[in-house]
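Okay, so here's the structure we're looking at.
Note: hydrogens, waters and symmetry copies are ignored here, and every other heavy atom, side chains too, is used.
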Amino acid sequence: MLNSIFTTTTSSGTSVTLPTFILAMATAMLLGLVTALVYLKTYNSRVSPQKFSFTLVLLPVVIAVIIMLVGNNVARAFSLAGAFSIIRFRSAPGDPAEITYVLMTMAIGLASGLGYLAYAVISAIILLVAMLLMNVLNFGGHETTDQLLKLTVPEDMYDKQMVEDVLKQYAQKVVLKRVKTTELGSLFELQYLLRMQSGVDEKAFIDALRTTNGNLGIAMQYNLIADEY
């Protein structure tokens with residue numbers, strides 16, 4: 001009796017009983033949990049991954065439930081589309097790797113909801129092993145010894161050529177990345193990408209720069225990520 005109450009129809013026209021429904025949800029959640037664990041092992045974001053990890057666990061379950069409930073019922077499909085159309089989502093552009101994880105969990109949810117549990121498990125294992133291997137091998141990554149210099153110069157002392165003359169005494173590579181004004185134009189902020197010469201005395205380098213900016217702010221950033229410059 002309970003199975004007859006909790007029965008829906010898949011897109012292929014077959015009935016989905018309560019045990020099948022629960023098995024699909026459990027599979028989707030388990031694979032989502034494994035995906036979240038792999039993400040936590042490989043992520044390099046600067047923000048807390050907790051909320052995104054929750055999403056990776058629950059998203060495949062939600063997708064699976066939607067697929068099983070809608071089935072081949074056109075009226076349900078249109079009703080669902082109408083319900084989601086009134087929801088407004090706000091999100092910042094994500095990291096490409098995070099978008100890949102979201103798409104992966106959506107695929108897991110779709111496969112689980114359609115009843116292809118073996119395909120969901122196999123595809124998740126292959127994709128997650130690939131993500132782990134690429135992370136271990138640092139696929140596509142490269143080491144860099146470049147530093148990002150941020151220099152604040154007062155308007156009455158601004159002389160870009162003088163600053164670059166000092167930089168070239170200590171750095172093999174000097175690339176001006178950005179110049180902007182602050183404090184209503186009274187200060188200039190310069191950003192340079194540098195590759196320092198070997199054995200440079202960092203204190204002597206900073207002291208030389210201080211003569212060009214009147215002892216205002218100087219910051220050197222190390223361990224750069226590619227999209228930071």
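- Side-chain polar atoms of Gln147 and Tyr192 form no donor-acceptor pair below 3.5 angstrom.
- Between Ala124 and Ile108, the shortest heavy-atom contact is CB-CD1, 3.9 Å.
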Checklist line | CA sep, side-chain torsions, deciding dist, call: Met29, Leu58, side-chain contact (heavy atoms from CB on, under 4.5 Å) | finding: CA-CA 6 Å; Met29 180 170 288; Leu58 298 178; 4.1 Å; yes
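- Interatomic distance, CG of Leu59 versus CE of Met106, reported as 6.5 Å (0.5 Å rounding).
- Distance alone, capped at 3.5 Å, places no donor-acceptor pair between the Ser112 side chain and the Gly109 backbone.
- The neighbour count for Met157 CE, taken as heavy atoms of other residues, nucleotides or ligands under 6.0 Å away, is above 12.
- Rounding to the nearest 0.5 Å gives a distance of 10.0 Å between CE of Met162 and CG of Leu209.
- Residues Gln169 and Asp165 have side chains that never bring a donor and an acceptor to within less than 3.5 angstrom of each other.
- Hydrophobic clustering places Ile206 together with Val174 (ILVMFWY residues linked when any side-chain heavy atoms are closer than 4.5 Å, directly or through intermediates).
- Atom-to-atom distance recorded for Thr212:OG1 and Asp159:CG is 9.0 Å, nearest 0.5 angstrom.
- Considering every non-hydrogen atom in both Val200 and Tyr170, the closest pair reads CG2-O, 3.4 Å.
- A donor atom on one side chain and an acceptor atom on the other are not found under 3.5 Å apart for Ser123 and Tyr116.
- In the hydrophobic clustering of this structure, Leu40 groups with Leu128; members are Ile, Leu, Val, Met, Phe, Trp, Tyr whose side-chain heavy atoms approach within less than 4.5 Å, directly or through other members.
- Counting heavy atoms from C-beta on, the side chains of Leu194 and Lys173 never come closer than 4.5 Å.
- Rounding to the nearest 0.5 angstrom, the gap separating the CZ atom in Phe21 from the OG1 atom in Thr17 is 10.5 Å.
- Leu31 and Ile122 sit in two unconnected hydrophobic clusters of ILVMFWY residues. Membership requires side-chain heavy atoms under 4.5 Å apart, directly or through other members.
- The hydrophobic cluster containing Ile218 also contains Val153, counting ILVMFWY residues as joined when their side-chain heavy atoms lie under 4.5 angstrom apart, directly or transitively.
- Clustering ILVMFWY residues whenever any of their side-chain heavy atoms sit less than 4.5 angstrom apart, transitively, puts Leu176 in the very cluster that holds Leu167.
- The two residues Gln197 and Lys168 make their nearest non-hydrogen contact at NE2-O, 3.8 Å.
- Residue-environment remark: OH (Tyr158) exceeds the threshold of 12 foreign heavy atoms within 6.0 Å.
- The nearest pair of heavy atoms linking Leu110 to Ile63 is N-CG2, 3.5 Å.
- A heavy-atom distance below 4.5 Å is found between the side chains of Met68 and Met25.
- Shortest non-hydrogen contact noted between Val57 and Ala36 is CG2-CB, 3.7 Å.
- Looking at heavy atoms from C-beta onward, Leu23 lies in side-chain contact with Leu117 at the 4.5 angstrom threshold.
- Between Pro154 and Leu187, the shortest heavy-atom distance links the atoms CA-CD2, 3.8 Å.
- Looking only at distances, no side-chain donor or acceptor of Asp146 sits under 3.5 Å from a matching main-chain atom of Leu193.
- To the nearest 0.5 Å, the span separating CZ on Phe188 from NZ on Lys160 amounts to 11.5 Å.
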Review point. After noting the C-alpha distance and the side-chain angles of Lys41 and Leu132, does the key distance pass the side-chain contact (heavy atoms from CB on, under 4.5 Å) rule?
Key: CA-CA 8 Å; Lys41 181 71 175 178; Leu132 283 171; 4.1 Å; yes
- Task: I would like to know whether Thr42 and Tyr101 meet side chain to side chain donor-acceptor pair (under 3.5 Å); could you show each step before the answer?
- Result: CA-CA 11 Å; Thr42 60; Tyr101 278 106; 2.9 Å; yes
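- Annotation for Leu133: atom CG counts as buried by contact number, over 12 foreign heavy atoms lying within 6.0 Å.
- Atom OH of Tyr39 sits about 4.0 Å away from atom CD of Glu98, to the nearest 0.5 Å.
- In this structure the side chain of Met104 reaches within 4.5 angstrom of the side chain of Met131, judged on heavy atoms.
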